[in-house]
Amino acid sequence: MADPRDMWRCQTVNCGYVYDPDRGDRKGKVPPGVRFEDLPDTWHCPVCGGTKRCFRPMAGPGSTEQPNCELPTDK
């Protein structure tokens, strides 16, 4: 498992998906080893569909900030 500073949690209501770079995202065809920062801007949460803006790191800088979350249905 990756260091918590490298893991990012989705902050949408009732989601909580954690992106772990050691696991990648099989559904999104992201191989293991890809850092969150290196995910394409078009990547979405595989559970709720939230954009990268819906995520914040689990530890370290930015972990206590509220994200400016965008869901795919937002216009």
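Computed from a predicted model, the values in this text were never measured in an experiment.
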- [ ] Write down the atom of Ser63, the atom of Gly60, and the distance for their closest heavy-atom approach.
- [x] OG-O, 2.8 Å
Open item on the list: The criterion is side chain to side chain contact (heavy atoms under 4.5 Å, CB included); which residues satisfy it with Glu65, sequence neighbours excluded?
Closed with: none
Task: Residue list, side chain to side chain contact (heavy atoms under 4.5 Å, CB included) with Met7, at least two apart or on another chain - done: Met1, Ala2, Val18, Asp20, Pro21, Met58
Task: Euclidean distance, Phe55 CZ relative to Arg9 CZ, rounded to 0.5 Å - done: 10.0 Å
Open item on the list: Please report whether the SG atoms of Cys10 and Cys45 are separated by less than 2.5 angstrom.
Closed with: no
- [ ] Could you grab the distance from atom SG of Cys54 to atom OH of Tyr17, nearest 0.5 Å is fine?
- [x] 13.5 Å
Please tabulate, one pair per line, all N/O donor-acceptor pairs under 3.5 Å involving side-chain atoms of residues 33-42, not counting sequence neighbours.
residue: Arg35; atom: NE; partner: Asp38; partner atom: OD2; Å: 3.2

Open item on the list: Please enumerate all residues that pass salt bridge (charged side-chain N to carboxylate O under 4.0 Å, His left out) together with Arg53, with sequence neighbours excluded.
Closed with: Glu70
Open item on the list: Going by side chain to side chain donor-acceptor pair (under 3.5 Å), name the pairs with one or both residues in residues 22-33, residues two or more places apart or in two chains.
Closed with: Asp25-Trp43
Open item on the list: Going by side chain to side chain donor-acceptor pair (under 3.5 Å), name the residues that satisfy it together with Asp6, two or more places apart in sequence or in a different chain.
Closed with: none
